[in-house]
Amino acid sequence: MSWHKIIECVPNFSEGRDLEKIDRIVAPFRGKAGVKLLDYSNDEDHNRLVVTVVGEPEALCDAVLEAIGVAVQLIDLNHHKGQHPRMGAVDVVPFIPIKNTTMEEAIALSKEVAAQVAELYQLPAFLYEKSATAPHRENLAAVRKGEFEGMAVKMQAPEWQPDFGVAAPHPTAGVVAIGARMPLVAYNINLSTQNLEIATQIAKNIRHVNGGFRYVKAMGVELTDRHITQVSINMTDYTRTALYRVFELVRIEARRYGVTIVGSEIIGLVPMEALIDTASYYLGLENFSMQQVLETRIME
């Protein structure tokens with residue numbers, strides 16, 4: 001990959017069940033100069049598609065806009081049900097600086113895409129995280145609160161006017177949050193219980209907004225097909241809150257209910273450093289660094 005500048009984008013689409021629609025949404029990221037599709041995964045319980053793509057800024061912008069256009073055409077949130085909260089057919093579009101780019105460049109790209117989706121698709125856009133135009137808009141959960149069904153009323157309030165587009169959701173595609181942020185790890189921990197209240201309470205105990213870890217967002221989710229529940233977690237800065245700390249706290253909290261962890265999963269891609277940090281903890285490695293990882297030295 002001989003690109004000079006690389007930005008990552010991880011758009012989340014509100015479709016996790018219809019494979020034909022998923023393929024059409026992902027198609028704009030395939031076979032494009034200056035863009036590489038790294039991963040995509042769909043979850044039927046969440047009814048959500050997460051795509052990971054990297055590219056040079058201009059080419060990435062074009063591909064993301066095309067995929068958003070497809071999603072707006074295909075997804076009708078009036079008929080959408082899933083465990084994951086959502087406010088748009090394209091729910092959130094984060095840009096992450098990776099190589100030879102700054103956060104300021106990622107912010108500029110997010111604003112360009114937000115302006116274009118409002119103009120091209122009549123899709124109102126909120127800027128969030130590092131791109132946010134006010135402190136109360138930084139947290140995605142605050143922007144999304146009310147979801148698709150409550151967004152029409154919410155957007156009438158002066159403090160919730162969209163950054164781009166009219167102050168009313170698209171009739172079928174809702175609204176979208178677009179912004180720039182640090183790399184995020186989507187990390188889920190599965191529990192040996194069907195009781196959603198237990199997963200929800202554990203999520204509440206570990207997330208920052210309720211007094212838990214500073215860089216953790218979490219919610220309880222029911223995995224009906226597997227007859228278990230899940231603590232679904234977004235690690236917003238793995239360098240400050242490690243995966244193993246969250247895993248161990250969930251184990252401790254679950255124990256009070258007589259519940260165990262049956263497994264965990266990572267959605268999409270994850271920085272190697274996040275896994276090395278966790279491996280170092282469980283192996284009790286002393287004075288270990290990323291420079292001892294073979295792949296790190298090869299990539300230098």
Side-chain angles (χ1 to χ4, degrees), residues 1-12 36-43 46 48 50-55 60 92 94-103 105-106 129-130 140 179-191 202-203 205-208 212-219 221 230-255 260-300:
M1 196 179 295
S2 59
W3 304 335
H4 176 60
K5 293 186 174 185
I6 299 178
I7 291 181
E8 178 186 19
C9 186
V10 190
N12 287 218
K36 184 175 178 60
L37 176 64
L38 298 181
D39 181 73
Y40 67 97
S41 59
N42 62 297
D43 187 294
H46 288 221
R48 196 170 180 88
V50 179
V51 177
T52 304
V53 59
V54 295
L60 183 62
V92 59
F95 291 95
I96 304 104
I98 299 295
K99 179 182 177 183
N100 296 328
T101 56
T102 63
M103 184 60 73
E105 288 176 287
E129 279 281 356
K130 302 292 186 182
L140 177 61
R181 61 164 173 76
M182 290 285 291
L184 175 149
V185 178
Y187 181 50
N188 301 330
I189 299 176
N190 298 331
L191 306 175
I202 293 173
N205 290 344
I206 70 170
R207 66 191 180 208
H208 176 242
F213 288 116
R214 172 65 183 85
Y215 298 99
V216 167
K217 300 177 181 179
M219 65 179 183
V221 173
Q230 178 184 87
V231 182
S232 181
I233 306 163
N234 277 348
M235 311 277 295
T236 59
D237 190 341
Y238 67 88
T239 67
R240 308 230 184 150
T241 299
L243 270 67
Y244 67 81
R245 289 186 200 135
V246 174
F247 183 85
E248 290 297 336
L249 183 55
V250 170
R251 192 207 302 271
I252 290 169
E253 292 290 339
R255 190 178 299 151
T260 60
I261 292 175
V262 298
S264 66
E265 62 183 5
I266 287 180
I267 304 300
L269 302 187
V270 58
M272 184 186 298
E273 186 178 1
L275 299 181
I276 294 298
D277 187 37
T278 296
S280 296
Y281 171 79
Y282 284 111
L283 294 175
L285 299 178
E286 298 180 2
N287 304 316
F288 189 81
S289 76
M290 283 291 291
Q291 293 303 308
Q292 291 175 261
V293 178
L294 176 62
E295 287 82 359
T296 299
R297 299 300 291 271
I298 291 173
M299 294 296 289
E300 287 180 346

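Everything numeric here is computed off the predicted structure, so don't read it as measured data.
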| message | Return the CG to CG distance between Leu243 and Leu275, rounded to the nearest 0.5 Å. | response | 7.0 Å
| request: Kindly give the heavy-atom pair with the smallest separation between Ala242 and Asp277, and that separation in Å. | output: CB-OD2, 3.3 Å
| When rounded to the nearest 0.5 angstrom, what distance separates CD in Gln291 from CZ in Arg297? | 5.5 Å
| message | If the condition is side chain to side chain contact (heavy atoms under 4.5 Å, CB included), which residues does Lys130 pass it with, not counting sequence neighbours? | response | Met103, Ile107, Ala180
| field | Qualifying residues under side-chain hydrogen bond (donor to acceptor under 3.5 Å, both in side chains), relative to Glu265, sequence neighbours excluded | value | Asn188, Gln230
| Spacing of Ser280 atom OG and Asn287 atom CG [to the nearest 0.5 Å] | 10.5 Å
| remark: Closest non-hydrogen contact found for Val216 with Ile206 is CG1-O, 3.7 Å
| request: Looking only at non-hydrogen atoms, find the nearest pair between Ala218 and Ile233 and report the distance. | output: CB-CG1, 4.1 Å
| request: Looking only at non-hydrogen atoms, find the nearest pair between Ile202 and Ala254 and report the distance. | output: CD1-CA, 3.8 Å
| query | Rounded to the nearest 0.5 Å, what separation is found between the NZ atom of Lys217 and the CG atom of Leu140? | reply | 5.5 Å
| field | With Glu248 via side-chain hydrogen bond (donor to acceptor under 3.5 Å, both in side chains) - residues at least two apart | value | Arg251, Tyr282
| said: Using modelled atom types and a 3.5 Å cut-off, is there a donor and acceptor pairing between side-chain atoms of Thr278 and backbone atoms of Ala274? | reply: yes
| remark: Residues Leu60 and Val54: closest non-hydrogen pair is CD1-C, 4.3 Å
| Separation of Thr101 OG1 from Ile6 CD1 (nearest 0.5 Å) | 8.5 Å
| query | Heavy-atom distance under 4.5 Å between the side chains of Thr102 and Pro97, does that happen here? | reply | no
| Which residues satisfy the side chain to side chain contact (heavy atoms under 4.5 Å, CB included) test with Ser41, sequence neighbours excluded? | Asp39, Val50, Ile267
| query | Where do Val10 and Arg181 land on the side chain to side chain contact (heavy atoms under 4.5 Å, CB included) test, with the steps shown first? | reply | CA-CA 11 Å; Val10 190; Arg181 61 164 173 76; 4.2 Å; yes
| Does the side chain to side chain contact (heavy atoms under 4.5 Å, CB included) test come out yes or no for Asn205 and Leu249, once each step is laid out? | CA-CA 9 Å; Asn205 290 344; Leu249 183 55; over 6 Å; no
| field | Inter- and intrachain pairs under salt bridge (charged side-chain N to carboxylate O under 4.0 Å, His left out), touching residues 235-246, at least two apart | value | Asp237-Arg240
| message | Nearest 0.5 Å, please: how far is CZ in Phe247 from CD1 in Ile261? | response | 4.0 Å
| field | Contacts of Lys5 that satisfy side-chain hydrogen bond (donor to acceptor under 3.5 Å, both in side chains) - sequence neighbours left out | value | Glu105
| Do Thr236 and Met182 pass the side chain to side chain contact (heavy atoms under 4.5 Å, CB included) test, and can you show the C-alpha distance, the side-chain angles, and the key distance before you say yes or no? | CA-CA 7 Å; Thr236 59; Met182 290 285 291; over 6 Å; no
| remark: Heavy-atom nearest pair, Met290 first then Glu273, reads SD-CA, 3.7 Å
| message | Just to verify, what does Asn12 make a side-chain hydrogen bond (donor to acceptor under 3.5 Å, both in side chains) with, not counting sequence neighbours? | response | Arg48
| With Tyr281, which residues qualify under ring pair (Phe, Tyr, Trp, His ring centres under 6.0 Å), at least two apart? | Tyr244
| request: Could you give me the CA-CA distance, side-chain angles and deciding distance for Ile276 and Phe288, then say whether side chain to side chain contact (heavy atoms under 4.5 Å, CB included) is met? | output: CA-CA 9 Å; Ile276 294 298; Phe288 189 81; 3.5 Å; yes
| request: With sequence neighbours excluded, tell me which residues meet salt bridge (charged side-chain N to carboxylate O under 4.0 Å, His left out) with Glu8. | output: none
